[in-house]
Amino acid sequence: MNELRELYQEVILDHGRSPRNFRRIENADGEAKGDNPLCGDRVHVYVKLDGTGGLDDVAFQGRGCAITTASASMMTELLKGRSEAEARRLFDVFHAVCTDEAFDPLDVPEEFEDEADRLQVMAGVRQFPMRVKCATLPWHTFAAALDGKQTATTE
Amino acid sequence: MSPDSTATVRPNYDVMAIREDFPILAREVFGKPLVYLDTGASAQKPRQVIRAMTEVMEETYSNVHRGVHFLSQACTDRFEAARETVARFINAREADEIVWTRGATEALNLVAATWGRTNVGPGDRIVISTLEHHSNIVPWQLLRDETGAELAVIPVDDAGEVDLDAYAGLLDGRTKLVSVTHVSNSIGTVLPIRQMARMAHDKGALFMVDGCQAAPHMAVDVQELDVDFYCFSGHKTYGPTGIGALWGRKALLDAMPPYQGGGEMIAHVTFEKSTFKDAPHKFEAGTPAIVEAVGLGAALDYIEAVGRDAILAHETDVAEYARERLAAVPGVRIVGHARERGAIVSFTMAQAHPHDIGTIIDRAGVAVRAGHHCAFPVMERFDVGATARASFGLYNMKSEVDRLVEALDEVAEIFGR
Ligand SMILES: Cc1ncc(COP(=O)(O)O)c(C=O)c1O
């Protein structure tokens, strides 16, 4: 039971119920559709750049489980205002949070200390290998949007 | 099937004794006794199947149809006896009408590739239903793209029943084949196969049935249904993976070109030309799944021994109990209310996504499938991204339904009521 409580923490449930930046961005500079063929979950991520290598706005739409939705919602909050390069490094941190048993927030570069703290709530997925893809789908989709690819998949 | 079905539970249906036959049902998952409600995806295996497969490997194994030696003959006899078992199981006229395949998917692809390529051309029509598994959609799309034929889809109503008027409208001189599922794997609808086949035949079309979700659960008589092709998968009928069967009318099979080329399927080969064996062997290139075929034969014998009417009555009883109990859980919506329905209950919960439901109840030892069930068009039709699906087998009990409902309480505990 404890592992379930760790997975479904209040923060995650809250983001899952009322996702932030759950909208479409008109005239987005990048957008991609991500899909998890295993369960049919889909997210559509939109990115607006500020013209100087920064992320002016990040938003998403889609239909998915609490983990996918919460992960996407938290991602949009964390990425706004970051540079593209920082965003990609933050993806690495996020990936470690979700998959690395030995992950220690204290090892994270100083620039991401706060983010690592906030992302720590996603660490519960480590005990649910089938659900890691739910957590990472929005981030893969975001990366695809940055790279000018139209689609991302967890497979 | 339906709540008013005439089938009644036999008082002597000994589910506890049946459960004893399935070693895996004794195991625990996360410290809780396993409640396996995913038989629709794949059924568990009784000792009788495991034993038959072990025995053939320990005592009788050899390649089939090849050697003059003792074991080759003995193994060929076992292998061909299993084919006869399949023929009896679906009341085929003869064992030569049974083609071994890897499963239903390969059977459907075989018909599309052989019968389809020789009989379907530009402007012809193939008809499927909204309820199909992807394996009864994609082979026909490939055939359509190759031949210029049209692929038409029978709609379903809000209950999940096929619209027979719309179906009638899709049948005309251009319709070459109707291929539909006997029982929907995603929402449990049982299709009126006999009636639909008669309608197709009246317009000169052939009729194929994907029997994956019917063969393990109810008596299937291909002559009585009066269809032209029928197929099912071994692993869903309490048999092993890697084996399944295609039944076709002998005259149709005889007229079809081979599927793959290789050993086993030829009568004679020179570099100029090869001649092929008769059906079913011309469709079975290469060394077949010998052990698996024997295992499937044992599985069908097992089903027959329990009794198909008894299985149907028992499963209907459990599945209808599940519908009743699930419907009473706050937030639960059952998807699919066909009058004729199989032992499959698909549902959503307002508070929680099926994926989250699946994860949470898994920790209580309850295994259900959460997702699209390889039936995207059904999910679309009922405007759900996914459902949670409890599918029942001959070993399930009402007390397991209670465990499912209890586990859903944990979902409500986390996600709200
Ligand atoms: C109705 C139906 N048709 C076809 C299939 C495909 O069967 P297999 O994967 O064994 O070939 C399934 C299995 O999920 C099914 O439920």
Side-chain angles (χ1 to χ4, degrees), chain A residues 1-19 22 33-44 60-73 98 121-138 141 151 153-155, chain B residues 29-32 38 41 133-135 137-138 185-186 331 335 346 348-389 406-417:
Chain A
M1 205 74 305
N2 285 342
E3 287 182 348
L4 279 178
R5 297 292 164 175
E6 233 166 81
L7 178 64
Y8 294 109
Q9 296 191 32
E10 202 40 59
V11 179
I12 290 190
L13 294 176
D14 178 55
H15 277 272
R17 266 192 295 265
S18 14
F22 189 78
K33 287 181 183 159
D35 112 77
N36 182 347
L38 181 70
C39 60
D41 282 359
R42 280 178 187 176
V43 290
H44 195 150
F60 81 105
Q61 289 184 311
R63 172 137 85 170
C65 63
I67 306 300
T68 299
T69 307
S71 174
S73 169
C98 294
V121 294
M122 298 292 313
V125 296
R126 276 184 230 150
Q127 304 310 319
F128 298 84
M130 305 291 284
R131 306 301 301 277
V132 169
K133 286 175 176 175
C134 304
T136 55
L137 176 65
T141 310
T151 57
T153 147
T154 56
E155 292 305 294
Chain B
V29 169
F30 297 112
K32 311 274 170 34
D38 199 17
H133 186 280
H134 297 159
S135 60
I137 300 174
V138 184
N185 71 304
S186 55
V335 180
S346 227
T348 60
M349 236 174 138
Q351 313 90 311
H353 187 277
H355 231 179
D356 298 311
I357 297 172
T359 292
I360 294 168
I361 69 179
D362 180 42
R363 293 285 156 145
V366 181
V368 297
R369 178 133 178 226
H372 52 67
H373 318 297
C374 300
F376 272 125
V378 178
M379 300 297 109
E380 204 123 289
R381 169 64 181 79
F382 289 94
D383 194 27
V384 288
T387 71
R389 180 190 73 179
E406 263 168 50
L408 291 180
D409 199 56
E410 185 60 34
V411 177
E413 194 66 38
I414 291 172
F415 279 87
R417 278 167 208 284

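Everything quoted here is computed from the prediction, not taken from an experiment. Quick note on labels: first sequence line is chain A, next is B, and so on, each numbered from 1. Because only heavy atoms are used, hydrogens play no part in the values below, and waters and symmetry mates are left out as well, while side chains stay in.
Between B:H353 and A:T69, the closest side-chain pair of non-hydrogen atoms is not below 4.5 Å. The shortest distance between side-chain heavy atoms of A:R131 and B:H355 falls below 4.5 Å. Looking at A:Y8 and B:D356, their side chains come closer than 4.5 Å, going by heavy atoms from C-beta outward.
Residue A:R42 places its CZ atom among 12 or fewer non-hydrogen atoms of other residues, nucleotides or ligands, all under 6.0 Å distant. By the 6.0 Å contact criterion, CD on B:E413 is enclosed, its count of non-hydrogen atoms from other residues, nucleotides or ligands being greater than 12.
For the atom pair CZ (B:R363) and CD (A:Q127), the distance works out to 7.5 Å, reported to the nearest 0.5 Å. Note that CG of B:D383 is 5.0 Å distant from CZ of A:R63, once rounded to the nearest 0.5 Å.
Pairing each heavy atom of A:L4 with each of B:I414, the nearest pair is CB-CD1, 4.4 Å.
Interface residue B:F415: backbone and side-chain heavy atoms are both found under 4.5 Å from chain A. Neither the backbone nor the side chain of B:V411 comes within less than 4.5 Å of any heavy atom in chain A. Proximity to chain B (any heavy atom under 4.5 Å) is restricted, for A:L7, to the side chain, taken from C-beta onward.
Per-residue counts of heavy-atom pairs under 4.5 Å with chain A were compared for B:Q351, B:H372, B:R369; the largest is that of B:H372.
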